[in-house]
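Here the structure comes first, spelled out in structure tokens, and everything after it is commentary.
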Amino acid sequence: MNPVHEPGVGANEDMLVTMKADVDTRALLVDPDVKRSRVRLLVTIVLVGTLASIIWHYVSGFYLGHGYPRSTFLFIPSDHFNDWRNVYVYAQNFQRGEPWPFGYFPFGSLTIVTTTVLRASVGFILMIVLFLGVLALMLRRWVFDCEEHALTRAQGIAILVGLSYPVLFVLDRGNMEMLVFAFIAGFFYFTYVRERPWMAALCLAAAIAFKLYPATFLLLLLAERRFKPLVLTVIIAGGLTAISVGLLAVVGHCSVADVLQMDVSGKGGFMQGTVTGAALEHTHSLWDLVGLWKMLRQAGVTDWSTKLYAVAAAAIFLGLVVYAVFRETERWKLVLLATVP
């Protein structure tokens with residue numbers, strides 16, 4: 001007697017096999033051997049480049065007698081960790097009623113105020129542990145997943161975490177961009193791995209409400225027609241900002257108008273320092289080309305040049321938006337177009 005199959009069982013099994021094949025195809029965005037060779041090249045460049053830079057600056061400082069900035073590729077050595085220490089002190093004084101020139105947007109400033117319930121060193125350590133943990137996990141799951149040997153993976157992760165310039169710089173500064181990085185990592189995880197639209201929106205909204213610039217990732221959601229998380233992100237970011245402004249007014253014993261004024265004035269002060277080239281060697285925008293040219297000519301910054309730059313930057317970004325939304329289809333290129341601006 002022939003076995004009797006339940007109706008639809010064979011079809012369901014075929015469908016499951018097909019779905020699994022589709023998932024595997026989407027996950028395999030690049031040949032493992034190609035990815036492995038590229039990752040190893042990246043690790044080699046970082047290892048050789050950073051060690052060479054360390055040796056060069058060591059010789060410049062201790063044997064040739066040059067001071068800062070030739071003696072280090074980081075910021076002023078005596079000022080390390082002060083991006084954390086300074087804002088921590090500002091937050092403490094703000095709660096006593098002293099004005100605070102906010103460097104971050106309201107949600108970021110409220111986060112700093114919240115950390116003052118802990119000792120400065122405790123909050124600092126927790127932030128670093130979170131940042132390095134997220135970074136190491138990302139590298140293990142998304143970069144070194146192609147490596148078969150555990151020792152090779154561990155070596156690669158250690159080099160990219162411990163010798164990458166952006167990592168060393170943010171740790172040396174003690175900068176709260178580490179939290180923004182963690183939020184953005186959460187956005188990518190819940191967008192492409194776990195696919196939880198509301199969690200992705202929450203993570204990206206927190207990053208935007210912290211320092212606005214991650215709003216460029218809205219381009220990624222728009223280009224991929226992910227309208228639900230796009231709308232949720234905008235709503236949550238606006239809500240976090242409004243709530244933060246209100247709570248800051250309460251803890252700072254001031255009005256909402258005062259909070260908004262401190263926020264605007266703080267941004268203006270930091271922007272002026274960037275525009276005049278006060279930190280030219282450590283910034284990374286197209287303005288540096290203008291700033292370097294003016295610095296070499298010993299010329300001052302004019303209002304028309306900053307306005308022209310703002311218009312040019314907006315035009316460039318608008319061009320990227322149009323290209324990403326109407327022309328580009330490869331995901332890694334869309335991520336690049338949303339990240340670089």
Side-chain angles (χ1 to χ4, degrees), residues 17 19-59 72-75 80-81 124-175 177-196 199-200 203 207 214 217 220 282 284 330-340:
V17 171
M19 290 174 61
K20 185 178 186 302
D22 290 341
V23 172
D24 291 343
T25 301
R26 288 196 301 268
L28 196 62
L29 297 178
V30 65
D31 181 84
D33 291 332
V34 174
K35 181 177 181 179
R36 188 180 301 111
S37 65
R38 291 175 178 174
V39 169
R40 290 180 177 179
L41 176 61
L42 172 63
V43 170
T44 302
I45 291 172
V46 171
L47 176 63
V48 174
T50 303
L51 289 180
S53 183
I54 291 173
I55 293 172
W56 169 263
H57 287 91
Y58 180 83
V59 171
T72 178
F73 53 75
L74 299 175
F75 198 57
H80 68 275
F81 301 155
F124 182 61
I125 291 172
L126 290 176
M127 179 175 66
I128 289 179
V129 169
L130 173 64
F131 168 66
L132 293 181
V134 169
L135 179 58
L137 188 61
M138 288 174 59
L139 291 172
R140 172 63 183 86
R141 295 196 58 176
W142 298 345
V143 178
F144 291 95
D145 55 324
C146 58
E147 287 289 357
E148 300 174 355
H149 304 291
L151 180 59
T152 304
R153 286 198 302 269
Q155 289 175 337
I157 293 172
I159 290 172
L160 292 189
V161 171
L163 292 178
S164 292
Y165 171 76
V167 178
L168 293 174
F169 189 85
V170 76
L171 292 176
D172 177 73
R173 297 307 309 139
N175 198 284
E177 303 292 331
M178 287 184 263
L179 297 180
V180 178
F181 180 88
F183 288 139
I184 295 175
F187 162 70
F188 278 103
Y189 178 76
F190 289 112
T191 298
Y192 297 120
V193 181
R194 291 294 298 274
E195 296 193 13
R196 299 288 189 271
M199 283 296 295
C203 289
F217 288 110
L220 184 59
H282 297 298
H284 48 82
E330 289 189 75
R331 176 171 292 169
W332 76 266
K333 292 182 181 179
L334 290 173
V335 172
L336 178 67
L337 292 174
T339 303
V340 170

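- In this structure, CG in L135 is found 11.5 Å from CE in M178, a value given to the nearest 0.5 Å.
- Within the 4.5 Å cutoff, the side chain of W56 has no heavy atoms near those of the F73 side chain.
- Residue F75 holds its CZ atom at 11.5 Å from CG of N175, rounded to the nearest 0.5 Å.
- Taking CE of M138 as the reference point, atom CG of L160 lies at 11.5 Å (rounded to 0.5 Å).
- Counting heavy atoms from C-beta on, the side chains of F181 and V170 never come closer than 4.5 Å.
- Taking all atoms of both residues into account, the shortest heavy-atom contact from R153 to E147 is NH1-O, 2.9 Å.
- Contact detail for P32 and C146: the closest heavy-atom pair is O-CB, 4.0 Å.
- Closest approach of L74 and F169 over heavy atoms only: CD2-CA, 3.8 Å.
- A pairwise comparison of heavy atoms in F190 and A200 identifies CB-N, 3.6 Å as the closest pair.
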Would F187 and L220 count as a side chain to side chain contact (heavy atoms under 4.5 Å, CB included) here? Give the steps.
CA-CA 11 Å; F187 162 70; L220 184 59; 4.2 Å; yes
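- The shortest side-chain heavy-atom distance between P214 and F183 does not fall under the 4.5 Å cut-off.
- Between V43 and F144 the shortest side-chain heavy-atom distance falls below 4.5 Å.
- Residues L168 and T50 meet the side-chain proximity criterion, which asks for heavy atoms closer than 4.5 Å.
- Note that the CG atom of L47 and the CG atom of L42 stand 11.0 Å from one another [nearest 0.5 Å].
- Atom NZ of K35 sits about 3.5 Å away from atom CG of D145, to the nearest 0.5 Å.
- Within a 6.0 Å radius of CH2 in W142, other residues, nucleotides and ligands contribute more than 12 heavy atoms.
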Test side chain to side chain contact (heavy atoms under 4.5 Å, CB included) on Y189 and V134; report intermediate values, then the result.
CA-CA 11 Å; Y189 178 76; V134 169; over 6 Å; no
Trace of the side chain to side chain contact (heavy atoms under 4.5 Å, CB included) decision for V46 with Y165:
CA-CA 8 Å; V46 171; Y165 171 76; over 6 Å; no
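- With values rounded to the nearest 0.5 angstrom, D33 atom CG is found 5.0 Å from R36 atom CZ.
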